[in-house]
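A note on names: the letters A, B, ... follow the listed sequences, proteins ahead of strands, and every chain is numbered from 1. These numbers come from a predicted model, not from an experiment.
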Amino acid sequence: MMTIPRKTRLYIWFRLLLLQASWNFERLQGLGFFYALLPGLRKLYSDEKLLAVSRKYVGYFNTHVYLAPMVAGAVLKLEEDQASGNADQAFEVDDFKEMVAAPYAAIGDALFWGGLRPLAAGISLFFAVKGILWAPLIFIITYNVLPIWFRTVFFARSYRQGIKSVEFIQKHRLPDWAIHTKEAAVVVLGGLSAFMVFSQLTRLQLPSWLGLLTIIPMVLLVLVARRGFSTLLLIFISVGSMFLLGVFWADMVYLLASWGVK
Amino acid sequence: MVISFSVGAVISLICGLDRVAILQVMISRPIVAAPLTALFLGEPLVGLQIGVMVELLWLARLPVGAAVPPDDTQVAIASSVLAIIMGKTLNASGPELLLLCLLVAIPLGKVGQYLDHYARQYNVRLIKKVDSALDRGSLLGAELQHLRGLSSFSLAAIGTYSIILLGGLLAIPFLWPLLQQPLSYSSDWISLALPLVGIAVILGTINVSRAITLFCASFCMAFLLMWLV
């Protein structure tokens, strides 16, 4: 039987949007998780018991921000069972929280930060490069569909299922989704690079075949990036080289023009 | 100038909070934040161009665990405001000015990384206050301490924005007469190079087997299609 009213769960869901408001290096999202769950805990416990349970939740907690509602839903269900005396004595809520937080964080980081974000950015940049002002909106929509789905549907589902909500991750092979999303991102970024180079060459009325040479510096840059060079250093090396080449080229053109060569 | 600064500051605050503390609906990404800022200042295309150049630069730096990436949000917002203010002050326009604003702002993005780090460090103090609030039996007090964390992230966002803007306002009037002409020879190529560097860094860190092969195949296929069709 569900004892936490729908209105309270909705309130908890909104509070989960503030999960990282007090993110810190000691307990990471711990205070945020406590803050989000508190309205639910208030419905289940009172007085000293509520304070004791609250102390348990202000401790260390860290997971992916979009998968935190999934953890929160299941934790609420477990607390509810515990409060009503139906809990599995061998399984503590803390154990569950610790057991799922790190794997969920790893899956979320790979899927959302590592895969979906570059994919959505790549798609929207096609529009932005064309000067279409809707590009930011395209990014927001493309990116947010999946996180909103995870945040809403899985919060409700994990509240219904409790511990069993973990089975969803196993059944749907979310880590594989992450790999496929990253692969899609690489393909989109390849297409985007080609599009930007081709557009530039067309605009400057230069031969198109030159664009295929872009592959060489790109592969070199990838190899350098893999060796751990800082992005800032790569930016300044690339920009500096372009700048010096530009000045050199302009001087050469000027020199040749002064010699009467076109 | 004051209005432009204030509009930028409000957007910097909202987007800065979206970056870590609240929502995470990605309005903090440069491709959104820069055009949004420029839209409010009446020149959305300036923001869009800056968004294109900044979006991919640090996308490979994931906000995983305790890792804090450079603040590309404030770089994008402050560069947009700088480009618009400087355009009016110096009576200049074009990709050279955008690039100069961006190239001054990019290294200052590191300041954002430090301030963000400091905000998270500062929030450690809230833990003790929460613990003592719970010892007093005050749940409301503990809740409020969590919300106080928002102020440190807000200050970090506004601080970064102000530092980048101030740095730009001081440096660009001196650099512009020196670099306007030389930048005009290479601005097209630098504008292209910035997103390509970002893509290369993403490919270098994305942890996909055969990422280079996949990228090259996709690049060549798309390029040939555009060339031949």
Need one label for A/L189: side chain, backbone, both or neither, based on atoms under 4.5 Å from any heavy atom in chain B. both

Considering only heavy atoms, which portion of B/V130 lies under 4.5 Å from any heavy atom of chain A: side chain, backbone, both, or neither? side chain

Honestly, the part of B/P70 sitting under 4.5 Å from a heavy atom of chain A is neither

Just checking A/K56: does its NZ atom have more than 12 heavy atoms from other residues, nucleotides or ligands closer to it than 6.0 angstrom? yes

Over all atoms of both residues, closest heavy-atom pair of A/R203 and B/D188: NH2-OD1, 3.1 Å

Interface check, chain B: of A/G190, A/G246, A/P217, most non-hydrogen pairs under 4.5 Å belong to A/G190

Quick check on B/P35 against chain A: is it the side chain, the backbone, both or neither that has a heavy atom closer than 4.5 Å? side chain

Check whether A/Q200 gets within reach of chain B through its side chain, its backbone, both or neither, counting any heavy atom under 4.5 Å. side chain

Please classify the contact between B/F153 and chain A as side chain, backbone, both or neither, with a heavy-atom cut-off of under 4.5 Å. side chain

Checking heavy atoms, do the side chain of B/A142, its backbone, both or neither come under 4.5 Å from chain A? both

Would you say B/I158 and B/S12 make side-chain contact, with heavy atoms under 4.5 Å? yes

Among the listed options A/A225, A/S199, A/G211, the residue most often paired with chain B at heavy-atom distances under 4.5 Å: A/G211

Atom CD1 of B/I22 and atom CD1 of B/I14: how far apart are they, to the nearest 0.5 Å? 8.5 Å

Which one wins on heavy-atom pair count under 4.5 Å against chain B: A/A110, A/S54, A/A106, A/A21? A/A21

Using a cut-off of under 4.5 Å on heavy-atom pairs, state which of A/L221, A/V247, A/L18 scores highest against chain B. A/L18

Do you know the tightest heavy-atom contact between A/H64 and A/G108? CD2-C, 3.2 Å

Using ring centroids (six-membered ring only for Trp), state whether A/W113 and A/Y66 fall under 6.0 Å. yes

So which heavy atom on B/V46 is nearest to which on B/S80, and how close? CG1-O, 4.5 Å

Mind listing the closest non-hydrogen atom pair of B/A83 and B/L97 along with its distance? O-CD2, 3.7 Å

Heavy-atom cut-off 4.5 Å, strictly under: side chain, backbone, both or neither for B/E55 against chain A? side chain

Contact part of B/L228 toward chain A, heavy-atom cut-off under 4.5 Å: side chain, backbone, both or neither? neither

May I ask you to check if B/R125 and B/Y122 form a cation-pi contact, with NZ or CZ under 6.0 angstrom from the six-membered ring centre and within 45° of the axis? no

Interface check, chain A: of B/D131, B/I31, B/I127, most non-hydrogen pairs under 4.5 Å belong to B/I127

Counting only non-hydrogen atoms closer than 4.5 Å, does B/L194 touch chain A with its backbone (N, CA, C, O), its side chain (CB onward), both, or neither? side chain

Ignoring hydrogens and geometry, is there a side-chain-to-backbone donor-acceptor pair from A/Q20 to A/G32 under 3.5 Å? no

Part of A/I148 within contact of chain B (heavy atom distance under 4.5 Å): neither

If you count heavy-atom pairs within less than 4.5 Å of chain B, which of A/R227, A/R55, A/Q29 leads? A/R55

Honestly, the part of A/S238 sitting under 4.5 Å from a heavy atom of chain B is side chain

Considering only heavy atoms, which portion of B/L36 lies under 4.5 Å from any heavy atom of chain A: side chain, backbone, both, or neither? neither

Please look at B/L39 and chain A and tell me whether the side chain, the backbone, both or neither of the residue comes under 4.5 angstrom of a heavy atom of that chain. neither

Heavy-atom count around A/F25 CZ within 6.0 Å, excluding the residue itself: above 12? yes

The reported gap from CG in B/L203 to CZ in B/F215 (rounded to nearest 0.5 angstrom) is 5.5 Å

Please state whether the side chain, the backbone, both or neither of B/L99 comes within less than 4.5 Å of a heavy atom of chain A. neither

With side chains defined as the heavy atoms from C-beta onward, is the minimum distance between B/Y118 and B/V68 less than 4.5 Å? no

Minimum heavy-atom distance between B/S28 and B/R19, given as atom pair plus value: OG-CA, 3.6 Å

Select, from B/Q24, B/Q121, B/Q181, the one with the greatest count of heavy-atom pairs under 4.5 Å involving chain A. B/Q24

Between A/A105 and chain B, which part of the residue has a heavy atom less than 4.5 Å away: side chain, backbone, both or neither? neither

Under 4.5 Å heavy-atom distance to chain B, tell me which part of A/W23 shows up: side chain, backbone, both or neither. both

Is B/D72 salt-bridged to B/R61, cutoff N-O under 4.0 Å? no

Using non-hydrogen atoms only, which part of A/P118 is less than 4.5 Å away from chain B: side chain, backbone, both, or neither? both

Side chain, backbone, both or neither of A/V224 within contact of chain B (heavy atoms, under 4.5 Å): neither

Exercise: identify the closest heavy-atom pair between A/F139 and A/R117: CE1-O, 4.1 Å

Given heavy-atom pairs under 4.5 angstrom as the criterion, report whether the side chain, backbone, both or neither of A/I132 touches chain B. backbone

Which of the residues A/L245, A/L204, A/L19 is involved in the greatest number of heavy-atom pairs with chain B at under 4.5 angstrom? A/L204

Toward chain B, the part of A/S124 with a non-hydrogen atom under 4.5 Å: side chain

Side chain, backbone, both or neither: which part of A/V129 has a heavy atom under 4.5 Å from chain B? both

Report the option among B/L56, B/I206, B/L224 that has the most heavy-atom pairs separated by less than 4.5 Å from atoms of chain A. B/I206

Under 4.5 Å from any heavy atom of chain B - which part of A/I235: both

So for B/D135, is it side chain, backbone, both, or neither that comes closer than 4.5 Å to the heavy atoms of chain A? both

A/F229 atom CZ, neighbour heavy-atom count above 12 within 6.0 Å: no

Side chains of B/L179 and A/F243: does their closest heavy-atom pair fall under 4.5 Å? yes

Which portion of B/L23 sits near chain A, non-hydrogen atoms under 4.5 angstrom: both

With the threshold set at 4.0 Å, does a side-chain nitrogen-carboxylate oxygen contact exist between B/R29 and B/D18? no

Does any part of the side chain of B/W227, heavy atoms only, come nearer than 4.5 Å to the side chain of A/W209, both counted from C-beta? yes

When only pairs under 4.5 Å are counted, which of B/V52, B/I27, B/L17 shares the most heavy-atom pairs with chain A? B/V52

